[in-house]
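The structure appears below as structure tokens.
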Amino acid sequence: MTTDGSNRWDARLYDDRHAFVWRSAASLVELLAPQRGERILDVGCGTGHLTAQLAAAGAEAVGIDASATMIEEARRNHPGAQFFVADARDYRADEPFDAVFSNAALHWVRPPEAAVRTIHSALRPGGRFVAEFGGCGNVARVVAALRRLQGEFFPTAAIPDWYFPSVAEYASLLEAAGLETREAWLFDRPTPLEGNDGLRSWARMFATDAVAAVDTNRAEEFFSRLEAELRSELFRDGGWFADYRRLRITAVRIK
Ligand code: BEZ
């Protein structure tokens, strides 16, 4: 689920507590409509569950991820697909793909132009690109709360500089690289975080460096403050919801 090594990943925690990342992507796979015999590249495949679904549809599915631990887990779980450790900014395929697919990964890649160049170069002319990731405003409340606590709890560590573009911005990037946007959606998807400690677990999983920089003696205080900051906005019906906004896009390589 990463594409450039910008987070330290715990593949087991990812699968145990954050399976919603790939489970919520069933309709994205439907939008891709993988066909038997097609070659499909899954960029930022994480532990490979979606790549395996593409393979199960009869496609020759290749998953890449910058995290060696994610790829190790993907290979262990899904022998039917091929997996490689590779950075989305500079991966170059030996043979072109009919489609490039990506779920919840491209917001980790900077500069985004480099990932778009990789996607373009991986596709045959006429090949399609189907992706979903964080769009503008994604996790804005969580990020704002982390920023408010940064000075006090982790002044020397960074909150990840995620890339959450608007439809117009991303369509322009694709167009500049030779891809024509066919459909695009930006929509809210409040996402349930499993368990009473769902927000803590999310922060540990995805803002790893920031959380790791908190003094261990003050970790409980930090998480309590984070929850207090966000409870009125993101806790309802007995559970935590992350304020996800998705950018979903389909495009075709035209040049
Ligand atoms: C997302 O899928 O939107 C996301 C996941 C982790 C960190 C930031 C965003």
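Whatever order the structure lists them in is the order used to number ligands and atoms, beginning at 1. The basis for the numbers below is simple: all heavy atoms, side chains too, and nothing from hydrogens, waters or symmetry mates. As the structure is a prediction and not an experimental result, all values here were calculated from the model.
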Note to self: Does the residue W202 have a heavy-atom contact with ligand 1, meaning some pair of atoms that are separated by less than 4.0 Å?
What the structure shows: yes
Item checked: Non-hydrogen atom of R246 closer than 4.0 Å to ligand 1 -> yes
Note to self: Would you call the rings of F235 and W240 parallel, tilted or perpendicular, taking 30° and 60° as the class edges?
What the structure shows: perpendicular
Notebook entry, point to check: Are R39 and D98 within salt-bridge range, i.e. N to O under 4.0 Å?
Noted result: no
Next item on the list: Run the numbers for me: atoms of ligand 1, each under 4.0 Å from some heavy atom of F206, listed by number.
Entry: 6 (C), 7 (C)
Margin query: If the cut-off is 4.0 Å to any non-hydrogen atom of N138, which atoms of ligand 1 fall inside it?
Written below: 1 (C), 3 (O), 9 (C)
Next item on the list: Flag the pair F164 / H107 as yes when their ring centroid distance falls below 6.0 Å, and as no otherwise.
Entry: yes
Only distances under 3.5 Å count here; give the side-chain donor-acceptor pairs of residues 221-229 to other protein atoms, sequence neighbours excluded, each with its distance to 0.1 Å.
unit_1 : atom_1 : unit_2 : atom_2 : d
E221   : OE1    : R218   : NE     : 3.0
E221   : OE1    : R218   : NH2    : 3.4
E221   : OE2    : R218   : NH2    : 3.1
S224   : OG     : E220   : O      : 2.9
S224   : OG     : E220   : OE2    : 3.2
R225   : NH1    : E152   : OE1    : 3.4
R225   : NH1    : E152   : OE2    : 3.3
R225   : NH2    : E152   : OE1    : 3.0
E227   : OE1    : R200   : NH2    : 3.3
E227   : OE2    : R200   : NE     : 2.8
E229   : OE1    : R148   : NE     : 2.7
E229   : OE1    : R148   : NH2    : 2.8

Margin query: If we check side-chain contact (heavy atoms from CB on, under 4.5 Å) with V43, which of these qualifies: D65, T118, V100?
Written below: V100
Next item on the list: Determine whether the side chain, the backbone, both or neither of W162 has a heavy atom under 4.0 Å from any heavy atom of ligand 1.
Entry: side chain
